[in-house]
Amino acid sequence: MASSLFLLSLAAAVPAALLSGVLTWAIRPLMMRIALAKPNARSSHRIPTPQGAGIAVIAATLAAATAVIVLAGGADTKIPAAVFVATLFIAAVGFVDDVRALPVIPRLLLQGAAVAAVIIAAPESLRLAPACPLWLERGLLIFAGLWFVNLVNFMDGLDLMTVAEIVPVTGALVLLGWLAEFPPAAMVTAAALFGAMLGFAPFNRPVAKIFLGDVGSLPIGLLAGWCLLQLAWQQQMAAALLLPLYYLADATVTLVRRMARREPFWAAHRSHFYQRATDNGFSVSRVVGEVFALNVLLAALAIASAKTSSTAIIMLLLIVGGIATALLMRRFSRRLPSSG
């Protein structure tokens with residue numbers, strides 16, 4: 001069983017990486033003409049840079065995952081049609097926003113519709129809190145899903161930042177699939193996204209030649225969120241929380257602070273901890289390197305939490321992950337001592 005799961009994930013990741021790289025290279029000239037991101041006071045880049053590589057990443061992910069699932073067959077590897085259709089829909093919304101900015105309310109409503117389609121399509125037998133009314137639980141999940149999609153978008157503001165987040169998360173999800181803690185179809189999707197992000201990475205390393213754009217960050221958030229929800233539905237709540245903990249903490253703390261200051265929290269800004277780090281003397285490579293290292297640690301903690309039945313150990317792992325995340329955020333918020 002383990003060897004077959006390994007082959008499934010490999011069969012999804014390798015072609016996704018190759019296809020993502022080729023498509024990113026191919027569409028870059030077009031994106032330079034129709035989706036050029038010009039730097040402003042809130043940007044992390046200094047020269048006009050095309051965005052829209054998410055088209056390549058999402059196309060590669062869905063194509064590779066669908067092909068592997070179809071070839072594998074079986075009741076455990078049915079194509080999650082609602083998820084894939086919703087992913088294409090939210091990618092389309094993101095692309096329109098990349099080319100011509102959408103108003104906030106219509107944008108959120110369209111994103112919410114995509115998230116709701118994924119949640120409503122799930123079997124009613126999948127529950128996080130059986131004591132809670134189904135309608136309330138699903139409503140809260142839609143709200144949480146909408147927030148997760150947007151926080152991935154908010155955090156995609158630095159070269160390689162989303163790669164540094166999604167690669168460890170999806171890699172850990174594939175490992176959990178091998179350990180029989182994760183549904184095969186979701187594992188294949190995670191493996192395909194893992195490969196697609198690796199294929200995109202060479203084009204996004206500092207100084208980036210192309211960005212994901214909303215057409216990438218929004219559907220990546222939807223796919224990653226769905227995979228994490230699948231993990232939570234397997235009663236691996238600690239693992240589902242640990243894997244995206246840095247993104248959750250940075251984005252949520254920043255949002256709360258902006259709301260407390262009565263700032264327009266939906267507007268572009270440079271208040272995230274990773275953005276403040278670059279203002280405080282950290283190089284882009286150093287920031288994403290430290291975020292990647294933290295995410296590898298969080299992935300190890302998540303896998304450990306899925307393999308133990310001890311509540312005390314699970315709580316300890318959550319505390320360790322929380323402390324490590326808080327320390328990095330604190331580090332980013334302080335000016336780096338001058339080497340001179």
* Asked: Roughly how far, to the nearest 0.5 Å, is CD1 of Ile323 from CZ of Arg330?
  ->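 Here the interatomic distance stands at 13.0 Å.
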
* **Spacing of Tyr274 atom OH and Asp279 atom CG [to the nearest 0.5 Å]** => 11.0 Å

* To do: Could you give me the CA-CA distance, side-chain angles and deciding distance for Leu36 and Met31, then say whether side chain to side chain contact (heavy atoms under 4.5 Å, CB included) is met?
  => CA-CA 7 Å; Leu36 197 63; Met31 295 301 107; over 6 Å; no

* Do you know which of Leu173, Thr170, Leu8 makes side-chain contact (heavy atoms from CB on, under 4.5 Å) with Met187? -> Leu8

* Please determine which of Leu328, Val253, Thr325, Asn280 meets the side-chain contact (heavy atoms from CB on, under 4.5 Å) test together with Phe273. =>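 When side-chain contact (heavy atoms from CB on, under 4.5 Å) is applied between Phe273 and each of Leu328, Val253, Thr325, Asn280, only Val253 qualifies.
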
* Can you check whether Leu298 reaches Leu243 side chain to side chain, under 4.5 Å on heavy atoms? ->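 They are not in contact (no side-chain heavy atoms under 4.5 Å apart), so the answer is no.
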
* In the hydrophobic cluster built from side-chain contacts under 4.5 Å, what are the other members alongside Ile105? ->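 Reading the cluster by chain and number, Ile105 sits alongside Leu109.
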
Sequence neighbours left out, cut at 3.5 Å: what donor-acceptor pairs do the side chains of residues 204-215 make with other protein atoms?
unit_1	atom_1	unit_2	atom_2	d
Asn204	OD1	Leu160	N	2.7
Asn204	ND2	Ile210	O	3.0

* Shared hydrophobic cluster, Phe89 / Leu146 (ILVMFWY, side-chain heavy atoms < 4.5 Å) -> no

* Should Ile120 and Val149 be counted in the same cluster of Ile, Leu, Val, Met, Phe, Trp and Tyr side chains packed under 4.5 Å apart? ->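 Different hydrophobic clusters.
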
* Answer yes or no: is there an ion pair linking Glu124 with Arg138, defined by an N-O contact shorter than 4.0 Å? =>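 No, no charged N to carboxylate O under 4.0 Å.
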
* **Set of ring-ring contact (aromatic ring centres under 6.0 Å, His included) partners for Phe332, sequence neighbours left out** => Phe282

* Check whether more than 12 heavy atoms from other residues, nucleotides or ligands sit under 6.0 Å from atom CH2 of Trp233, and answer yes or no. =>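 Counting other residues, nucleotides and ligands, CH2 of Trp233 exceeds 12 neighbours.
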
* **side chain to side chain contact (heavy atoms under 4.5 Å, CB included) between Val115 and Phe148, intermediate numbers included** => CA-CA 10 Å; Val115 173; Phe148 191 82; over 6 Å; no

